[in-house]
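The shown structure was predicted, so the numbers you read here are calculated from the model rather than taken from an experiment.
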Amino acid sequence: MDQKPHSFSAIVTIAILGVLTVVAWLYKIGKNQEAQTLKNEVAATVPIETGAPATPRDRQFVPTVRQEVENPNYEVLLGCELVESRANDGNTFRIRHRDNEYVFRLYFVDAPETTNNNPDRIRSQTQYFNYITEEQLTHTGIEAREFALKILRARPFTVFTQWEKLLQSHRYHGMIQVTLNDGERRFLSELLANRGYAITETVGRKLPNGVDEKVYRKHLRDLELVARKASVGAWRNPRQ
């Protein structure tokens, strides 16, 4: 007689566990579908070799011809070419313009380190990207470098610079505008941020067409947030 209540309780317990298992399974499927949707958004709007802005393209950031450069502090370098160099990484590039060569570092974005030669910088960057490991950081830094160089080798680009030196070095700050396959022009800083290859807490300036620095920085952080939600670049799940 005493066994019936126990048997009933066991059946109820098993049923509850079964329901919880199904709920957990459905939740996992939903999260996976959500993550895949975000990744699809990141890959949908721009040819694969150039990355993929996941937010609407906003022309307010992009001066298209020399006369649209409203900020008189900028000089426009047309017809630039990438120079293969050890100085090149995800945010710094040796560029040839006419008969001269310059090294430009991008405004607004800092790409992950490619080596562990600077422990303080490595520590800061791993913390920024949710405490990923040093190995994950430098691996992503190499990815970011190859991503950026592939674009600059293949696509026409223009450099906007105020000839502002970086810490009195031989490098200059600048912005690089890339022409994509469909003729759309994007700043390289946007493509890096959207692929999870950029820290958007570095020095910036008002854009060549007069757009305020804070407005453009918010745009980059919106792109960065999409990359973070999609777990791409340095925002990948460490267990993946």
Side-chain angles (χ1 to χ4, degrees), residues 42 46 48-54 61 80 82-95 102-155 157 159-161 164-167 169-178 180 186-205 213 216-228 230-236 238:
V42 170
V46 175
I48 188 65
E49 74 271 17
T50 57
F61 303 120
C80 293
L82 177 71
V83 178
E84 300 298 334
S85 169
R86 294 179 60 185
N88 296 337
D89 60 21
N91 56 251
T92 302
F93 313 97
R94 179 173 288 276
I95 302 297
Y102 310 98
V103 178
F104 290 105
R105 190 194 187 286
L106 296 180
Y107 278 125
F108 292 102
V109 294
D110 186 20
E113 294 291 295
T114 57
T115 68
N116 58 2
N117 293 337
N118 190 331
D120 290 339
R121 196 172 183 82
I122 287 285
R123 188 180 306 109
S124 173
Q125 291 190 347
T126 55
Q127 290 176 0
Y128 186 89
F129 291 115
N130 282 345
Y131 295 92
I132 60 177
T133 66
E134 292 185 14
E135 182 180 359
Q136 289 165 339
L137 181 81
T138 54
H139 176 76
T140 305
I142 293 170
E143 284 184 1
R145 179 185 65 197
E146 295 310 309
F147 172 78
L149 295 182
K150 184 176 182 180
I151 293 173
L152 297 182
R153 289 179 184 127
R155 309 305 308 163
F157 65 92
V159 175
F160 298 86
T161 182
E164 179 182 4
K165 284 191 173 182
L166 180 67
L167 301 176
S169 70
H170 65 288
R171 295 175 292 170
Y172 299 94
H173 284 291
M175 300 192 72
I176 296 180
Q177 183 190 88
V178 180
L180 305 183
R186 306 288 289 183
F187 284 124
L188 184 56
S189 49
E190 295 177 82
L191 302 180
L192 289 166
N194 191 203
R195 299 292 284 193
Y197 291 148
I199 295 171
T200 56
E201 291 187 347
T202 59
V203 62
R205 292 290 183 268
E213 170 189 344
Y216 184 67
R217 193 179 296 279
K218 181 182 183 303
H219 173 64
L220 291 178
R221 286 176 174 162
D222 288 342
L223 293 172
E224 182 181 332
L225 180 60
V226 172
R228 183 171 183 171
S231 298
V232 295
W235 300 108
R236 281 190 294 257

- Check Gly196 against Phe129 and note the closest heavy-atom contact, atom names and distance. O-CE2, 4.4 Å
- Test side chain to side chain contact (heavy atoms under 4.5 Å, CB included) applied to Thr92 and Val103, step by step: CA-CA 7 Å; Thr92 302; Val103 178; 3.5 Å; yes
- Query: Do the non-hydrogen side-chain atoms of Thr200 and Phe108 ever get within less than 4.5 Å of each other?
  - Reply: no
- Query: Ignoring hydrogens and geometry, is there a side-chain-to-backbone donor-acceptor pair from Ser124 to Asp120 under 3.5 Å?
  - Reply: no
- Message: How close do Ile142 and Thr114 get, counting heavy atoms only, and between which atoms?
- Response: N-CG2, 3.8 Å
- Message: Please determine whether a side-chain nitrogen of the Lys or Arg among Arg217 and Glu224 lies less than 4.0 Å from a carboxylate oxygen of the Asp or Glu.
- Response: no
- Are the side chains of Leu220 and Leu192 in touch, meaning some heavy atoms are under 4.5 Å apart? no
- Query: Between atom CD1 of Ile199 and atom CD of Gln127, what is the distance when rounded to the nearest 0.5 Å?
  - Reply: 10.5 Å
- Query: Are Thr133 and Gln136 linked by a side-chain donor-acceptor pair shorter than 3.5 Å?
  - Reply: yes
- Message: Evaluate Val83 against Ile95 for side chain to side chain contact (heavy atoms under 4.5 Å, CB included), listing each step before the verdict.
- Response: CA-CA 5 Å; Val83 178; Ile95 302 297; 5.9 Å; no
- Item | Phe157 CZ to Ile151 CD1 distance, which is reported to the nearest 0.5 Å | 11.0 Å
- Please step through side chain to side chain contact (heavy atoms under 4.5 Å, CB included) for the pair Ile122 and Leu137, ending with a clear verdict. CA-CA 8 Å; Ile122 287 285; Leu137 181 81; 3.5 Å; yes
- Message: Let me confirm one number: the CG-CG distance from Leu152 to Asn88, rounded to the nearest 0.5 Å.
- Response: 8.5 Å
- Residue pair Asn130 / Arg228, side-chain donor-acceptor N/O under 3.5 Å: yes
- Message: To check you understand the geometry: which heavy-atom pair defines the closest contact between Ala148 and Leu188, and what is its length?
- Response: CB-CD2, 4.3 Å
- Note on the structure: Applied to residues 85-94, the salt bridge (charged side-chain N to carboxylate O under 4.0 Å, His left out) test, sequence neighbours excluded, yields Arg94-Glu101
- Hits for side-chain hydrogen bond (donor to acceptor under 3.5 Å, both in side chains) against Glu84, two or more places apart or cross-chain, chain-then-number order -> Arg153
- Query: How are the rings of Phe104 and Tyr172 set relative to one another: parallel (under 30°), tilted (30 to 60°) or perpendicular (over 60°)?
  - Reply: tilted
- side-chain hydrogen bond (donor to acceptor under 3.5 Å, both in side chains) between Tyr216 and Ser189: does it pass, once the steps are laid out? CA-CA 10 Å; Tyr216 184 67; Ser189 49; 2.6 Å; yes
- How long is the gap from CG on Asn91 to OH on Tyr197, to the nearest 0.5 Å? 14.0 Å
- Exercise: identify the closest heavy-atom pair between Ala198 and Tyr128: O-CE2, 4.3 Å
- Message: Could you walk me through whether Asp110 and Gln125 satisfy the side-chain hydrogen bond (donor to acceptor under 3.5 Å, both in side chains) test, starting with their C-alpha distance in whole Å, then the side-chain angles of each, then the deciding distance to 0.1 Å, before giving a yes or no?
- Response: CA-CA 9 Å; Asp110 186 20; Gln125 291 190 347; 3.2 Å; yes
- Task: Verify the distance criterion only: is there a donor paired with an acceptor across the side chains of Glu135 and His139 at less than 3.5 Å?
- Result: no
- d(Asp222 CG, Lys218 NZ) to nearest 0.5 Å is 4.0 Å
- Message: Using the side-chain contact (heavy atoms from CB on, under 4.5 Å) definition, which of the options Arg105, His173, Arg171 pairs with Glu164?
- Response: His173
- Query: Between Gly233 and Thr140, what is the shortest heavy-atom contact and its length?
  - Reply: C-CG2, 3.8 Å
- Item | Rounded distance (nearest 0.5 Å) linking atom CZ of Arg186 with atom CG of Leu191 | 7.0 Å
- Message: With side-chain contact (heavy atoms from CB on, under 4.5 Å) as the test, pick out the partner of Glu190 among Val178, Leu223, Val109.
- Response: Leu223
- Minimal heavy-atom distance between Val159 and Cys80, with the atoms involved, is CG2-SG, 3.8 Å
- Query: Hey, are the side chains of Phe93 and Ser85 touching, using non-hydrogen atoms and a 4.5 Å cut-off?
  - Reply: no
- Message: Tell me if a side-chain donor or acceptor on Ser169 pairs with a main-chain N or O of Leu166 at a distance below 3.5 Å.
- Response: yes
- Message: Distance alone, cut at 3.5 Å: any donor-acceptor contact between the side chains of Tyr107 and Thr202?
- Response: no
